[in-house]
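Everything below concerns the one structure shown next.
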Amino acid sequence: MRRYCVRNGIPFLSLSPNSHSCFTAISVRIFSNKSISKFDCGFNINCLDDAVILFKQMVTMKPLPSVVEFSKLFKTMINMKHYSAVVSLFREMQKLGIPINVIILNIVINSYCLMHRVDCAFSVLPIYLKNGIPFTVVTFNTLLRGIFAENKVKDAVELFKKVVREKICEPNTVMYATVMNGLSKRGHTEKTLSLLRLMEQGNNTKPNIINYNIIIDALCKDGNLDVAINLMNEMKQKDIPPDIVTYNSIIDGMCKLGEWEKCKTFFSEMVNLNIYPNVQTFTILTDGLCKEGKVEEAKEVMGYMIEKGVEPNIVTYNSIMDGYCLTGQLDEARRLFDFMINKCIEPSIISYNILINGYCKKKKLPEAMQLFCEISQKGPKPSTSTYSTILQGLVDVGRIGSAKNIYAEMLSAGYIPDLYTHNILLNGYFKYGLVEEAISLFNKLEKKGENTDIEFYNVVINGLCKNGKLDEAHALFEKLFSMGLLPNVKTYTTMINGFCLQGLLDEAKDMLMKMVGNNCYPNNVTYNVMVQGFLRCSRISEMTIFMKEMTGRGFSFDASTTKLLVNIIGDKPLVLDMIPELHLKNKK
DNA sequence: ATAGGGTTAG
């Protein structure tokens, strides 16, 4: 029997079946992301070359290795992110007439999806038909994931409906989970919940713990903890006990609302149920505390977790470092950074990004730039986020020209800007009045038709409003619905503000009605924007009524409203007297 | 041998 063997990193065929250092093709052990110190523990594929060499050997073997071996190889290549190479090798297989099956085709589809080439993924479908290979639920599930990854929510939902309606395949819990996750991560919590309810009605697809966890996490991220906890109780009743993921989501939601007492309650509850907090649970706590500026308490949590035998990981340290940056303790952040290195925990690119961001937020651009240069010499490879962070820093100090240069540098270095990058740039262009530049970039990006989300449109709508192009902004807003993008509270608030700035109070009020009608509820910013609109138009009595509703719901005037009040009616005590609540707030 | 859930930075 022929066997594979590796010596000095070079794989070759061995005909010695009894050699201990050799493994059969079936038991080929392939390691990708984990680095392996010894070669004698199996067949290691550590780079693309290894994979290609192995492939070349495999295709010359007689008899040919089974398609299972090819699948394993391809999967390993996917783990190493060599997606396009998988496609090339697959083409090679086809050329050589090597038999294929549904699994290897699904893997090819996944490769295209991971390359963000859903269009190409679809072009694989005819190969199934030509070879008489039936699609499986995995085929469509992989496609759905790919479509969502390109933010094409509407297309994904359409495909899902088509699959169900035309009974192309029977959706299973995984497919529901994929669609639910795709929807929930893009703000469609309502639809995600509807899908859970739809699953409950069917006989074959009763929701499992993963389906519940997806919607619970989405609700928690929305701050809708009441509904999340109701669902958790529902799970318990249905004999699907919540697990560590469920509790971590709930605790994260509670932390972000600053509900520390409830955090503790759930923490105790999970421990009582023998679900032990893990490093993620504790990191949720350190992160939550740091985000509130309570870095010292976060450090106490870290001490506690170590006491309990749970080792902090890089995410934990990063969260605390970010806490230091947020509270302006940049030196402390830098100490911690060095501490990590001393503990042999290599700072990740995220650690660098946090520190760079810390400097940028303090407007210490030279320090930020220096760190940026440092990593290009040693340390982790900069990420798209690193560039975005620097861009944001430059935009914040008004250095649009430098930002443009860095952006160009980023492109020429082969980085693919993401939504954040473009949002920062567009926002910068609009903010400094480079409207032409902004619109031209927007048109270019929109023409590509992918990688846009609601935040992207929020930036553009806001920019148009602030630059006197309300009509264009409004038209874009209306277009969102036909694109399957759901305006969020920011979108509506931006439009309301746009109307208010032009004195179009009635349009602003209509928009407020519209958002509530679409199950999107005004937040503090929305209320403040409305109040400022009323103020600017001196519609004080309407404002008073509106304000009663606002304070009744627990919202209050923010700094910008107070400032406007001082400017407009600061010396008119008579008007102030008409607004008793405000009087109270100002005295506080 | 292929597809699904929770933590960090912009």
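In what follows, every chain begins at residue 1, and chains take the letters A, B, ... in the order their sequences are listed.
Here A:Lys221 pairs with A:Asp217 under the salt bridge (charged side-chain N to carboxylate O under 4.0 Å, His left out) rule; sequence neighbours left out. Applying the salt bridge (charged side-chain N to carboxylate O under 4.0 Å, His left out) rule to A:Lys294 yields the partners A:Glu292; only residues at least two apart in sequence or on another chain are considered. Residues meeting the salt bridge (charged side-chain N to carboxylate O under 4.0 Å, His left out) test with A:Glu190, sequence neighbours left out: none. The salt bridge (charged side-chain N to carboxylate O under 4.0 Å, His left out) test applied to A:Lys206 returns no partner, not counting sequence neighbours. Under the ring pair (Phe, Tyr, Trp, His ring centres under 6.0 Å) criterion, A:Phe74 pairs with no residue at all, not counting sequence neighbours. For A:Tyr387, the ring pair (Phe, Tyr, Trp, His ring centres under 6.0 Å) partners two or more places apart in sequence, or in a different chain, are A:Phe372, A:Tyr415.
Identified under the side-chain hydrogen bond (donor to acceptor under 3.5 Å, both in side chains) test for residues 124-134 of chain A, with sequence neighbours left out: A:Asn106-A:Tyr128.
Between the side chain of A:Thr389 and the base of B:dA9 there is no donor-acceptor pair of N/O atoms closer than 3.5 Å. Residue-to-nucleotide contacts include a donor-acceptor pair under 3.5 Å from the side chain of A:Asp418 to the base of B:dG10. Residue side chain A:Asn141 does not reach the base of B:dG4 through any donor-acceptor N/O pair under 3.5 Å, judged by distance alone.
Rounded to whole Å, atom P of B:dT8 lies 18 Å from atom CD1 of A:Ile349. Nucleotide B:dG10 holds its P atom 22 Å from the CD1 atom of A:Ile416, rounded to whole Å. With rounding to whole Å, A:Tyr324 atom OH is found 20 Å from B:dT8 atom P. Counting to the nearest Å, the P atom of B:dA9 and the CG atom of A:Leu336 are 15 Å from each other. Rounded to whole Å, the distance from CG on A:Leu419 to C1' on B:dA9 is 16 Å. When the P atom of B:dT2 is taken as reference, atom OH of A:Tyr112 falls 21 Å away, rounded to whole Å. Residue A:Leu371 contributes atom CG, which lies 15 Å from atom P of B:dG10 at whole-angstrom precision. When rounded to the nearest whole Å, the span between CG of A:Leu89 and P of B:dT2 equals 18 Å.
Side-chain contact annotation: A:Tyr83 with A:His116, donor-acceptor N/O pair under 3.5 Å absent.
Comparing B:dA3, B:dA1, B:dG10 against the side chain of A:Val67 picks out B:dA1 as the nearest. Considering only side-chain atoms of A:Lys75, the nucleotide from B:dA9, B:dA1, B:dA3 that sits closest is B:dA3. Here B:dA3 is the nucleotide among B:dA3, B:dT7, B:dG10 with the atom lying nearest to any side-chain atom of A:Val137. Listed candidates were B:dT2, B:dG10, B:dG4. Nearest to the side chain of A:Ala177 is B:dG4. Looking at the side chain of A:Thr178, the nearest of the listed nucleotides B:dA9, B:dG4, B:dA1 is B:dG4. In this structure, of B:dG4, B:dG10, B:dA1, it is B:dG10 that holds the atom nearest to the side chain of A:Ser385. The side chain of A:Asp322 lies closest to B:dA9, out of B:dA9, B:dA3, B:dG4.
If you check every strand for non-hydrogen atoms under 4.0 Å, A:Asn423 touches nothing. Residue contacts for A:Ile109: at a heavy-atom cut-off of 4.0 Å it reaches no nucleic acid atom on any strand shown. Base contact: A:Ile350 has a heavy atom under 4.0 Å from a base atom. Residue contacts shown for A:Thr136 are absent, as no nucleic acid heavy atom lies under 4.0 Å away. Heavy atoms of A:Thr142 sit under 4.0 angstrom from primed sugar atoms or phosphate atoms, though from no base atom. Using a 4.0 Å heavy-atom criterion, one finds that A:Asn427 contacts no nucleic acid atom at all.
Residues A:Phe160 and A:Tyr176 place their aromatic rings such that the two centres sit under 6.0 Å apart.
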Distance-only donor-acceptor pairs under 3.5 Å for side chains of residues 355-366 of chain A, two or more places apart:
from     : atom 1 : to       : atom 2 : distance (Å)
A:Asn357 : OD1    : A:Lys361 : NZ     : 3.2
A:Tyr359 : OH     : A:Arg334 : NH1    : 3.4

Which pairs of donor and acceptor atoms, one on a side chain in residues 179-186 of chain A, lie under 3.5 Å apart (sequence neighbours left out)?
from     : atom 1 : to       : atom 2 : distance (Å)
A:Asn181 : OD1    : A:Lys185 : NZ     : 2.7
A:Ser184 : OG     : A:Met180 : O      : 3.2
A:Ser184 : OG     : A:Asn181 : O      : 3.2
A:Arg186 : NE     : A:Phe148 : O      : 3.2
A:Arg186 : NE     : A:Asn151 : OD1    : 2.8
A:Arg186 : NH1    : A:Gly182 : O      : 2.8
A:Arg186 : NH2    : A:Phe148 : O      : 2.7

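Taking a 4.0 Å limit (strictly below) on heavy-atom distances, residues 280-295 of chain A reaches DNA chain B at A:Gln280, A:Thr283, A:Ile284, A:Asp287, A:Lys291. Near DNA chain B, meaning a heavy atom under 4.0 Å away, the residues from residues 353-367 of chain A are A:Asn353, A:Ile354, A:Asn357. For DNA chain B, the neighbouring residues in residues 179-200 of chain A, judged by any heavy atom under 4.0 Å, are A:Asn181, A:Lys185.
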Assess the residue pair A:Glu158 and A:Lys162 against the criterion (salt bridge (Lys or Arg N to Asp or Glu O under 4.0 Å)); give the C-alpha distance rounded to whole Å, side-chain angles, the decisive distance to 0.1 Å, and a yes or no. CA-CA 6 Å; A:Glu158 235 165 67; A:Lys162 189 182 162 83; over 6 Å; no
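With salt bridges taken as basic N to acidic carboxylate O contacts below 4.0 Å, one links A:Lys236 and A:Glu269.
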